[in-house]
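Notes to accompany the following structure.
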Amino acid sequence: MPELPEVEVLVRHLAPLVRNRTIRGVEVRREKVVRPTTVGGLQRTLRGARIVGVTRRAKFFVFDLRKRRRGASFKLVGHLGMTGRVFLAPKRQPLPKHAAVVLDLGRQNLVYEDTRYFGRLSLDTSSLAKLGPEPLRPEFTSAGFASALKRSTQAIKVRLLDQTLVAGIGNIYASEALHRAGVSPRRAARNLTGVEVSRLRKAIRQVLAEAIRFGSTVPLNFGADDGDGLFYYGRAANAPDYYEERLRVYDRAGQRCRRCGATIRRIVQAARSTYFCPVCQR
DNA sequence: CACCATGTTCCTTG
DNA sequence: CCAAGGAACATGGT
């Protein structure tokens with residue numbers, strides 16, 4: 001479920017609900033998910049810790065924790081992979097089939113579940129160090145973006161998925177941002193003009209900000225009872241109207257471009273689907 | 001059965 | 001050493 005906007009909405013939702021709560025117990029049901037932290041290590045470290053806050057970095061969510069009143073603070077880092085979810089649930093509520101880690105917060109459990117187990121929830125913070133700039137912060141500059149693109153012959157769409165270039169863009173919003181910028185996903189990164197780089201940077205920021213706004217507006221269900229409770233495209237089946245018209249190209253192969261009417265195409269780049277309008281994007 | 005899926009990391013190749 | 005491509009991870013939906 002996650003790219004940057006989905007994680008941002010999750011964190012905004014969760015932060016006020018768990019702030020100042022104490023972790024009483026830790027149950028690890030799928031060891032792989034906490035790696036490289038060990039089950040025993042996680043339990044020893046988390047038990048008795050207080051949640052100071054919850055923040056986001058790229059697609060990661062970060063719990064800031066503190067053991068004692070004036071003790072050193074430390075972090076619990078999570079990533080949702082493709083199918084991860086985090087939610088608060090009453091103690092009596094049955095756990096979902098793929099619940100991987102359960103934190104006992106007293107009245108409620110904080111449940112981390114992930115159908116495919118691609119995600120992580122661990123004390124290892126090393127992945128945060130490798131990340132590039134946050135796209136919605138001032139550190140993401142046109143100059144820095146341009147110089148990073150200059151050296152690569154790779155297709156721009158593929159470059160956008162590199163988390164060291166700019167952090168938080170995934171397969172959906174990469175296609176969306178390129179469409180908004182009017183740039184073909186197949187263009188070699190180094191061939192973009194200065195104007196195109198600036199347009200793309202702006203488009204990235206708009207697409208992500210809009211998705212956060214959308215996710216903050218729409219009524220979301222973060223509980224475990226139905227669906228994925230977020231605002232991903234996959235809800236189309238019985239989704240109400242406001243889920244439509246949101247994505248302009250992603251998963252719309254064969255349908256009309258909402259801007260020019262041409263037929264949206266799907267191609268494969270780096271073994272992943274890319275969607276684009278061959279007329280709007282050159 | 002076949003193919004597809006919101007992500008990252010590791011291995012191989014050049 | 002680096003860049004780029006592809007497989008692996010694991011489960012479910014269509």
Go through residues 161-171 of chain A and report each residue with a non-hydrogen atom lying under 4.0 Å from DNA chain B, sorted by number.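 Contacting residues: A:Gln163, A:Gly170, A:Asn171.
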
Is the terminal nitrogen or CZ of A:Arg66 (NZ for Lys, CZ for Arg) located under 6.0 angstrom from the six-membered ring centre of A:Phe74 and within 45° of that ring's axis?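 Here A:Arg66 fails the 6.0 Å and 45° test against A:Phe74.
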
Less than 6.0 angstrom from the centroid, inside 45 degrees of the normal: does A:Arg252 satisfy that with respect to the ring of A:Tyr275?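 A:Arg252 over A:Tyr275 ring: no.
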
Which salt bridge (Lys or Arg N to Asp or Glu O under 4.0 Å) pairs, counting each pair once, include a residue from residues 119-136 of chain A, with sequence neighbours left out? A:Arg56-A:Glu134, A:Arg57-A:Glu134

Short side-chain N/O contact to [N] OP1/OP2 from [X], under 4.0 Å:
| X | N | answer |
| --- | --- | --- |
| A:Tyr173 | B:dT6 | no |
| A:His98 | C:dG12 | yes |
| A:His79 | B:dT8 | yes |
| A:Arg30 | C:dC9 | no |
| A:Lys59 | B:dG7 | yes |
| A:Ser152 | C:dA4 | yes |
| A:Thr83 | C:dG12 | no |
| A:Lys130 | B:dT8 | no |

Inter-residue atom distance A:Cys257.SG - A:Gln281.CD, 0.5 Å rounding: 8.0 Å

A:Asp64 side, atom CG; A:Leu76 side, atom CG - distance, nearest 0.5 Å: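 It is 10.0 Å, given to the nearest 0.5 Å.
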
Give the rounded distance in Å between these two atoms: [atom1] of [X] and [atom2] of [N].
| X | N | atom1 | atom2 | value |
| --- | --- | --- | --- | --- |
| A:Leu80 | C:dA10 | CG | C1' | 16 Å |
| A:Lys150 | C:dA3 | NZ | P | 16 Å |
| A:Glu3 | B:dT8 | CD | P | 9 Å |
| A:Met82 | B:dT6 | CE | P | 5 Å |
| A:Leu208 | B:dT6 | CG | C1' | 13 Å |

Starting from A:Leu123, can I reach A:Val39 by hopping between I/L/V/M/F/W/Y residues whose side chains sit under 4.5 Å apart? yes

Determine whether A:Val52 and A:Val26 fall in the same hydrophobic cluster, where Ile, Leu, Val, Met, Phe, Trp and Tyr are linked whenever their side-chain heavy atoms lie under 4.5 Å apart. no

Give a yes/no verdict on base stacking between B:dT8 and A:Phe118: centres under 5.5 Å, planes within less than 30° of parallel. no

Counting only heavy atoms not in A:Glu31, do more than 12 sit closer than 6.0 Å to its CD atom?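 No, the 6.0 Å shell around CD holds no more than 12 heavy atoms from other groups.
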
How would DNA chain B look in dot-bracket form, 5' to 3', counting Watson-Crick and G-U wobble pairs with both distances under 3.5 Å and writing | for bases paired to another strand? .||||.||||||||

Between C:dA4 and B:dT6, how many Å separate the two C1' atoms, rounded to a whole number?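 About 23 Å, rounded to a whole number of Å.
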
Which side chain to side chain donor-acceptor pair (under 3.5 Å) pairs, counting each pair once, include a residue from residues 136-150 of chain A, with sequence neighbours left out? none

Has the side chain of A:Arg116 got a donor or acceptor atom sitting under 3.5 Å from an opposite partner on the base of B:dA5?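 Indeed, a donor on one side and an acceptor on the other fall under 3.5 Å apart.
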
Heavy atoms within less than 4.0 Å of DNA chain C: which residues of residues 262-278 of chain A have one? Give them sorted by number.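 Under 4.0 Å from DNA chain C: no residue of residues 262-278 of chain A.
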
Test salt bridge (charged side-chain N to carboxylate O under 4.0 Å, His left out) applied to A:Arg266 - qualifying residues, sequence neighbours left out: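 Testing A:Arg266 for salt bridge (charged side-chain N to carboxylate O under 4.0 Å, His left out), a comparison that skips the adjacent residues, returns none.
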
Taking the six-membered ring for Trp, are A:His98 and A:Tyr117 parallel (under 30°), tilted (30 to 60°) or perpendicular (over 60°)? perpendicular

Picking from C:dA10, B:dT6, C:dG12, which would you name as closest to the side chain of A:Tyr117? C:dA10

Identified side-chain contact (heavy atoms from CB on, under 4.5 Å) counterpart of A:Phe63 within the set A:Val77, A:Val11, A:Leu110, A:Thr55: A:Leu110

